[in-house]
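Side chains included, hydrogens not; waters and symmetry mates left out as well; all remaining heavy atoms used. Each ligand, and each atom within it, is numbered from 1 in the order the structure gives. We're numbering straight along the sequence, starting at 1.
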Amino acid sequence: MYVDVIPLPYAKDALEPVMKQETVEFHYEKHHKGYMAKLKSLIAGKPEEGKSLVELMRTSSGAVFNNAAQVWNHDFFWESMKPNGGGAPPAGDVGDLIAGLGGWEKFRADFIAAGVARFGSGYAWLVLDRGKGKIIDTPNAENPLTTGATPLLTCDVWEHAYYLDHRNNRQAFLEVFLDRLVSWDFVARNARAASQAD
Ligand code: FE
């Protein structure tokens, strides 16, 4: 059961100058909360009303799936960033995970390539798939939970995520996302939770 979108884990201007306050404001208040409002209107008074977001994603399709997944994806996206984040991961479990993907420079290039290649709207992800790190991209509202992988990190590559900061230059957004915004703490928490669940 859920009540609302997550509170932002930092102030709306905390990612300045890398991500403008205006970007966070519109993305969080209009897009993210908009998906939640739409979801609530779709399931009001129906049996789905008692389900969690993850249950809704696993059992629904069409508009209910799209709006539930978009709420979940954005909750996850905000947590994937932090002020003064990014750059090569710290040594330890996350450092080892990235080393397993060829090291920071290769991971960086491959993650950017996945996000740039995603045609139209969607997400680039770092996931654990059967215990191994993997970079994937998904269209529209899709996310890795529905295919059994465990999300560790995501970058929203819908145009609304970067247009105010970078206009049409999605690659520039992916670069600053990786170099200055990624929360490796969040990745570490997700990886730890996944290993404890095994
Ligand atoms: Fe978005």
Side-chain angles (χ1 to χ4, degrees), residues 2-43 52-54 56-57 60-83 85-86 111-127 135-147 149 151-183 186-187 190:
Y2 54 87
V3 184
D4 207 345
V5 303
I6 60 159
L8 276 179
Y10 32 73
K12 284 177 185 158
D13 63 354
L15 304 180
E16 292 261 13
V18 186
M19 184 180 283
K20 284 181 183 152
Q21 178 173 351
E22 188 185 13
T23 301
V24 175
E25 176 81 29
F26 270 78
H27 200 171
Y28 180 70
E29 297 293 342
K30 305 292 183 193
H31 294 277
H32 192 182
K33 290 189 177 176
Y35 295 122
M36 180 57 99
K38 180 75 182 171
L39 175 64
K40 285 181 170 171
S41 77
L42 286 167
I43 65 179
S52 71
L53 282 179
V54 172
L56 283 175
M57 286 192 287
S60 68
S61 58
V64 172
F65 172 84
N66 284 336
N67 286 283
Q70 282 295 72
V71 170
W72 193 94
N73 292 350
H74 284 85
D75 283 352
F76 202 80
F77 173 62
W78 298 121
E79 297 265 31
S80 290
M81 301 183 288
K82 68 171 193 177
F111 192 94
I112 290 168
V116 167
R118 166 49 42 207
F119 183 78
S121 297
Y123 296 81
W125 304 84
L126 170 62
V127 303
I135 294 167
I136 63 168
D137 58 277
T138 55
N140 304 316
E142 299 286 329
N143 78 44
L145 284 176
T146 51
T147 55
L152 301 179
L153 175 77
T154 198
C155 184
D156 182 345
V157 298
W158 286 57
E159 207 171 67
H160 64 231
Y162 57 87
Y163 202 82
L164 293 171
D165 292 300
H166 303 284
R167 300 297 176 188
N168 59 325
N169 193 342
R170 186 189 289 180
Q171 169 146 349
F173 169 53
L174 283 153
E175 287 173 0
V176 295
F177 175 83
L178 289 167
D179 294 340
R180 302 183 65 182
L181 295 174
V182 164
S183 171
F186 183 60
V187 175
N190 292 325

Under 3.5 Å: donor-acceptor pair, side chain of [X], backbone of [Y]:
{"X": "T23", "Y": "L164", "value": "no"}
{"X": "Q70", "Y": "A141", "value": "no"}
{"X": "S183", "Y": "S80", "value": "no"}

Q: Indicate whether the side chain of W158 and that of H31 have a donor and an acceptor atom separated by less than 3.5 Å.
A: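 H31 and W158 do not have a side-chain donor-acceptor pair below 3.5 Å.
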Q. Do you know which of D156, I136, V157 makes side chain to side chain contact (heavy atoms under 4.5 Å, CB included) with Y123?
A.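 Among D156, I136, V157, the one meeting side chain to side chain contact (heavy atoms under 4.5 Å, CB included) with Y123 is D156.
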Q: At a cut-off of 2.8 Å, list the protein N/O/S atoms near the Fe ion (ligand 1), residue plus atom name.
A: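 Only H27 NE2, H74 NE2, D156 OD2, H160 NE2 fall inside 2.8 Å of the Fe ion (ligand 1).
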Q. Looking at H160, H32, H27, which hits ring-ring contact (aromatic ring centres under 6.0 Å, His included) with F77?
A.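 Of H160, H32, H27, ring-ring contact (aromatic ring centres under 6.0 Å, His included) with F77 is met by H27 alone.
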